[in-house]
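This chain uses plain numbering: 1 for the first residue, then up along the sequence.
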Amino acid sequence: MAEYTKKKRFSGEKLTEEDLVSRIKDELTESLGYGGDELSRQREVAMEYYYGLPFGNEVEGRSQYVDSTVSDTVEWIKPSLMRVFASGDEMVKFNPQTPADYEMAEQATDYVNYVFTRLNPGWEILYSWFSDALLQKNGIVKVWWDETEEWNREEYIGLSDIELEALVVKEEVEVLEHTSYDDGPVPYHDVVITRRNKKGQVRVENVPPDEFLIARESKTIQDSRFVCHRVRKTLSDLREMGYDVDPEDLTTGNDDYPISQGEMRSRYEFDDSWNFGMDGAIGMGDGTVREYWLHESFLRVDYDGDGIAELRKVCTVGSTVLANEEIDRIPFVSVTPIKIPHKFFGLSVADLVEDLQLMKSTLMRNLMDNMYNQNFGRYAVLEGQANLDDLLTQRPGGVVRVKSPNAVMPLATPALEPYSFQMLEYLDSVRESRAGVTRYSGGLNDNALQSHTTASAVNQVMTAAQSRVELIARNFAETGVKELMRVIYELLQKNHDYETVVLLRDTWVEVRPDAWKDKADCTVSVGLGTGNKDQQMMHLSQMIQFASQSMAGGLKIVNERNLYNMGAALVKTMGFMNVSDFLTEPPPEEGPSAQEQQQQMEMQIKQQELEIKAADVEVKKQKVQLEAQKAAVQAQLDVAELEMEQQQQRAVAIGKV
């Protein structure tokens, strides 16, 4: 089949759906996370370590203690990450690149954050996203534009002919019941209709790691040759998704079920909730809730035979193709705490400390067995000289009957406590260096209150630990959260082609995302603070004090807007979400309005015209004066000429002016 497909591709012929299904099946079997491979096994083990389940090497009658290093480390990192990303009302900010982009960037910042945190369960998404990454290498979210249709029933009474016509003429209205009657000279109508409301929305949901498959050589999701979302759907779910399916044409997909069973089962092993309904037995009598494996595949293939591979979305159940369309991007975003260059999957925090959990569990088991042996030790008994029943029945004040004085002698059990505790202390220090979770970040330690432990020493340890967690947060911000917000921005810009009114910053704002500029005009920045909250509040307080003194002294290096921004940052650092409850945002600096500017320009033009007219009058005046001077000079010359003619008794020409 592969050779046949290759010949078709280079011959310029289109692929058939059979060829496409064959290509998808080949990609599935070669993808990472399929078939219980090493990646799936590592994620399964990580979940078992997180739950503190037995290792499988337990010995009956001996200690079966399991340490909780993995869960402790993961759970202590989560609060810091959630505080970084979810403690304020602006998780991301779109920055304008030109003065003309300022208003658009502010609206995009507010509305994109609104879509993620209000229209989607933003907190739950972040929590699950980061939990998957910390525990199972990569956290995956799916983001797409979801078109939904709602049919609302409406009832109207006493409509006139014109009102009825205006109501039912709309395409989205369907009449269910209609009654007309005469109440005087004009007929009236009672009508029951259903109105279709078609609205779209950006949807974001978490994808379990075992449901996400990707080509082995992939470095990023968008550059990958093949990505698949494998999920169980009922027949009713498939129909609600818009697929017109007949159960007789679908395969059950049960052959695919054991492939991810181990990794999927690990999520339910803690409370043993796996077997209930997970084998598809529920709903077998009602075909609408029978489950099928839906493979939503995103692959690059030359389906149209033009010689260039395009990105296509193909949805299949077994060998049945439900959808096949060309798309512009793969709708998944990933985060990983420890990124490995040139690889898609990174390292989880669990990968760093799993071996420590095994070693600490082994040490604690030996230590507890040693304590048991010290309290209830072993004995050397002379055969036939002691009552073994008395010896085996251990109780306070119990009597052991012997026939000779030295018939029972205890066997010495060396104490392991000091060496075991030193080893446990060493393993804790190894965990601190690997994961950045210290005894100070895990809670107040008694040694931190001793006189010889200075505040600067504790602060140095805390800063070193925070740097590791901050690096994880920066990885999440740059590789995942930033990309997610850009995708939300892009989906809104391309699909949100209607105006909506939402409450942003305590003000009702009309939002029209399709009027925003292209995403290249804005950048996204995720703020990560330096130091702990006390340090940040101290720094902000000093900045506010300096700014206030500068304004009072007439030094024009800050304005009211700068001072408000400092106060807002201080309020957020204190842990309060709504800045508007404490500070009032100053109005923007208003320059002259467009009408005032036009009036000023008209006045300037009129002033220039008056100045030009005055200049013309002055020129004319000077010209008249010059003509008068010339006439006076000419008159003087004429008089002088006449006088000379009279004296000389001849014609004299003095000249013309």
Side-chain angles (χ1 to χ4, degrees), residues 32-33 38-51 69-86 91-92 116 120-143 204-214 218-222 224 227 229 263-264 266-267 330-354 357 431 434-437 465-487 526 528:
L32 286 171
E38 180 63 20
L39 175 67
S40 298
R41 192 195 66 81
Q42 291 180 5
R43 295 192 298 207
E44 179 182 350
V45 170
M47 183 61 71
E48 293 174 350
Y49 273 61
Y50 178 78
Y51 283 145
T69 297
V70 170
S71 62
D72 291 344
T73 306
V74 170
E75 293 303 317
W76 277 115
I77 292 177
K78 283 183 188 178
S80 299
L81 295 177
M82 297 303 295
R83 182 168 58 247
V84 168
F85 290 97
M91 190 171 61
V92 296
F116 181 72
N120 290 276
W123 171 271
E124 297 178 16
I125 292 170
L126 287 179
Y127 186 87
S128 299
W129 197 14
F130 296 163
S131 297
D132 287 340
L134 295 174
L135 186 59
Q136 298 187 310
K137 303 180 185 296
N138 285 51
I140 308 294
V141 294
K142 185 178 182 181
V143 52
V204 184
E205 71 173 16
N206 297 99
V207 178
D210 54 90
E211 293 184 359
F212 180 81
L213 306 174
I214 191 169
S218 302
K219 298 178 182 178
T220 64
I221 291 178
Q222 298 306 320
S224 178
V227 173
H229 183 198
E263 189 176 350
M264 293 176 63
S266 64
R267 293 203 302 269
I330 302 174
F332 299 100
V333 182
S334 170
V335 294
T336 182
I338 303 174
K339 186 173 179 60
I340 299 178
H342 319 300
K343 281 189 63 179
F344 173 72
F345 284 102
L347 289 177
S348 66
V349 173
D351 292 332
L352 302 180
V353 296
E354 280 179 359
Q357 178 165 327
R431 183 192 65 172
R434 290 185 183 180
V437 177
Q466 289 171 352
S467 64
R468 297 295 301 269
V469 178
E470 185 176 341
L471 180 60
I472 294 176
R474 178 59 68 183
N475 274 335
F476 285 176
E478 297 296 333
T479 63
V481 176
K482 179 185 293 188
E483 180 66 18
L484 173 62
M485 295 304 162
R486 282 178 174 158
V487 174
V526 180
L528 296 176

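Put simply, the side chain of Val143 reaches to within 4.5 Å of the side chain of Leu484, judged on heavy atoms.
Checked against side-chain hydrogen bond (donor to acceptor under 3.5 Å, both in side chains), Asp72 has the following partners two or more places apart in sequence or in another chain: Ser68. Shown here are the salt bridge (Lys or Arg N to Asp or Glu O under 4.0 Å) partners of Glu211, two or more places apart in sequence or in another chain: there are none. Listed by chain and number, the residues in a side chain to side chain contact (heavy atoms under 4.5 Å, CB included) with Pro79 amount to none (sequence neighbours excluded). Under the side chain to side chain contact (heavy atoms under 4.5 Å, CB included) criterion, Glu205 pairs with Lys142, Trp144, His229, sequence neighbours left out. Every residue two or more places apart in sequence or in another chain that forms a ring pair (Phe, Tyr, Trp, His ring centres under 6.0 Å) with Phe476 is listed here: Phe130. The side-chain hydrogen bond (donor to acceptor under 3.5 Å, both in side chains) check on Ser224 picks up Ser218, with sequence neighbours excluded. Here Lys78 pairs with Glu75, Tyr127, Ser131 under the side-chain hydrogen bond (donor to acceptor under 3.5 Å, both in side chains) rule; sequence neighbours left out. Residues that satisfy the side-chain hydrogen bond (donor to acceptor under 3.5 Å, both in side chains) test with Thr336, not counting sequence neighbours, are absent from this structure. Applying the ring pair (Phe, Tyr, Trp, His ring centres under 6.0 Å) test to Tyr49 and every residue at least two apart in sequence or in another chain returns Phe55. In this structure Glu44 satisfies the side chain to side chain contact (heavy atoms under 4.5 Å, CB included) test together with Glu48, Ser266, sequence neighbours excluded. Shown here are the side chain to side chain contact (heavy atoms under 4.5 Å, CB included) partners of Ser348, two or more places apart in sequence or in another chain: Lys137, Ala350, Asp351.
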